[in-house]
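Here the structure comes first, spelled out in structure tokens, and everything after it is commentary.
Both ligands and their constituent atoms are indexed starting at 1 by order of listing.
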Amino acid sequence: MLKDRYKDYFDIGCAVNEESLAKHADFIHHHYNSITLENEMKLEKVMPEEGIYNFDFPDKVVEYVKKHSMRLRGHTLVWHNQYPDWLFKEGNRLVSKETLQLRMKDYFKVIMHHFGNSIYAWDVVNEVIEDKTGKLLRDSPWLEVLGDNFVYDSFVLAHETQPNAQLFYNDYNETDPIKREKIYQLVKGLKEKGAPIHGIGMHGHWNLYGPSIDDIRRAIELYASLDVRLQVTELDMSVYAFDDQRKDLTQMNEKLATLQAERYEQIFEVFREYKDVIDAVTFWAVADDYTWLDDFPVFGRQNWPTLFDEKAQPKESYHRIMNF
Ligand code: GLA
């Protein structure tokens, strides 16, 4: 079992949704000791209308997690995607700063108090860094309405609302030399201003060809130098390079399986080396039978990014990270 093999290193998590949890209920707690909800804690799901909250599935997960002595991560409070329409609207206009601040206060309270200590860590802010050079924060309604300080303010509000929770900044392309420097600068600035930020979540949406082990290592060292905890929050290993648009592969082949196993082996070697700063490694799926990568970046193209095949049987990748 993964979680036992890694008990002296870090938690091993997976992202679940209603279907995957129902299908793999026993398998999940057998291998994993941490859970993130793939979509069901995002704002569009928990607060579809103003003042209307929906915690049906998250509550089932809380029970499941308690029953199996697992840990639960909260994902995510401030993001430029998957938010409900009403959030940034006031009548027909863009919401005012004052109203948005009140709405944030309100939903942080409702959501964080609903889960209380059942959730030990929150991805407070997700993906605010701009990928293109020359700009730190991406354009979004958050930035437009609240101005540069919204990241700092989000952490302060999260901490006031739920002082026990570990608070994370979470982002992708986190190993890219230019973007990792920006993430570093953002978090450094937050810490210098005294923001209650405790960790950086490295998404880890990687593939067979990149990022390099060297870039992964440098990112870990750079972030750890800020004296924050690290988690790999959304790990998967696509079998396609990011700009590969091909659709002709209909099943995983041996060559790719071997490459993937080598990559997993190498990256877990690095993770283990940094076990003093890494607290959890979460896969962004349970097994290869379902992954968001089946529809991204090419819609309807199957992918095989996890340690377990479509029947949830261990792949070569699994064995490589278990045998060390
Ligand atoms: C980002 C988000 C996740 C999820 C993935 C795709 O990484 O942080 O919540 O939406 O994209 O599944």
Side-chain angles (χ1 to χ4, degrees), residues 13-21 24 28 32 34-48 54 57-58 61 72-84 87 107 111 115 119 121-131 137-138 140-142 151 154-155 158 166-176 179-180 182-183 186-187 197 199-207 210-211 216 219 223 230-240 242 280-306:
C14 63
V16 305
N17 55 40
E18 285 203 66
E19 293 73 39
S20 64
L21 185 61
H24 297 298
I28 289 171
Y32 302 99
S34 176
I35 281 195
T36 307
L37 296 197
E38 187 184 18
N39 290 306
E40 286 80 0
M41 278 187 205
K42 292 174 180 169
L43 297 193
E44 67 172 7
K45 297 280 183 177
V46 291
M47 42 176 232
N54 176 7
F57 181 61
V61 176
L72 186 56
R73 304 189 74 261
H75 175 79
T76 177
L77 294 169
V78 173
W79 192 26
H80 63 279
N81 268 328
Q82 292 184 264
Y83 57 79
L87 182 64
Y107 81 72
I111 296 174
F115 294 108
I119 287 183
W122 274 100
D123 293 329
V124 177
V125 176
N126 198 34
E127 304 181 348
V128 292
I129 297 287
E130 169 59 49
D131 287 288
L137 299 179
R138 75 165 70 238
S140 75
W142 296 107
V151 181
S154 300
F155 279 94
Q166 289 181 36
L167 306 180
F168 279 75
Y169 176 69
N170 197 38
D171 213 332
Y172 66 90
N173 284 352
E174 69 294 313
T175 60
D176 172 78
K179 188 148 173 198
R180 76 180 174 227
K182 290 193 198 176
I183 296 174
L186 175 79
V187 175
I197 174 167
I200 296 178
M202 304 171 56
H203 279 192
H205 292 298
W206 299 337
N207 64 57
I216 294 173
Y223 299 147
L230 303 187
Q231 295 200 12
V232 181
T233 50
E234 306 185 12
L235 181 63
D236 43 29
M237 186 74 66
S238 168
V239 303
Y240 300 97
F242 192 74
V281 174
T282 295
F283 291 85
W284 205 243
V286 176
D288 285 350
D289 57 341
Y290 164 78
T291 158
W292 74 295
L293 292 171
D294 289 340
D295 288 319
F296 183 86
V298 177
F299 191 81
R301 178 182 70 177
Q302 209 179 340
N303 210 320
W304 300 269
T306 78

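Taken from CG in N170 to CE in M202, the straight-line distance is 10.5 Å, to the nearest 0.5 Å.
For N54, the side chain to side chain donor-acceptor pair (under 3.5 Å) test picks out no residue, with sequence neighbours left out. By the salt bridge (charged side-chain N to carboxylate O under 4.0 Å, His left out) test, E18 is found to be paired with no residue, residues two or more places apart in sequence or in another chain being considered. Applying the side chain to side chain donor-acceptor pair (under 3.5 Å) rule to S238 yields the partners N303; only residues at least two apart in sequence or on another chain are considered.
In this pair, F242 and F296 present their aromatic rings tilted. The plane angle is within the 30 to 60° band.
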Identify the protein atoms, limited to N or O, that lie within less than 3.5 Å of an N or O atom of ligand 1, and list each pair with its distance to 0.1 Å.
residue  : atom   : partner : partner atom : Å
ligand 1 : 7 (O)  : H203    : ND1          : 3.2
ligand 1 : 7 (O)  : H205    : NE2          : 3.2
ligand 1 : 7 (O)  : E234    : OE1          : 2.3
ligand 1 : 8 (O)  : H75     : NE2          : 3.4
ligand 1 : 8 (O)  : N126    : ND2          : 2.9
ligand 1 : 8 (O)  : E234    : OE1          : 3.4
ligand 1 : 8 (O)  : E234    : OE2          : 2.8
ligand 1 : 9 (O)  : K42     : NZ           : 2.8
ligand 1 : 9 (O)  : H75     : NE2          : 2.5
ligand 1 : 10 (O) : K42     : NZ           : 2.8
ligand 1 : 12 (O) : W284    : NE1          : 2.9

- request: Quick one: do N17 and S20 satisfy side-chain hydrogen bond (donor to acceptor under 3.5 Å, both in side chains)? Show the steps, please.
  value: CA-CA 5 Å; N17 55 40; S20 64; 3.2 Å; yes
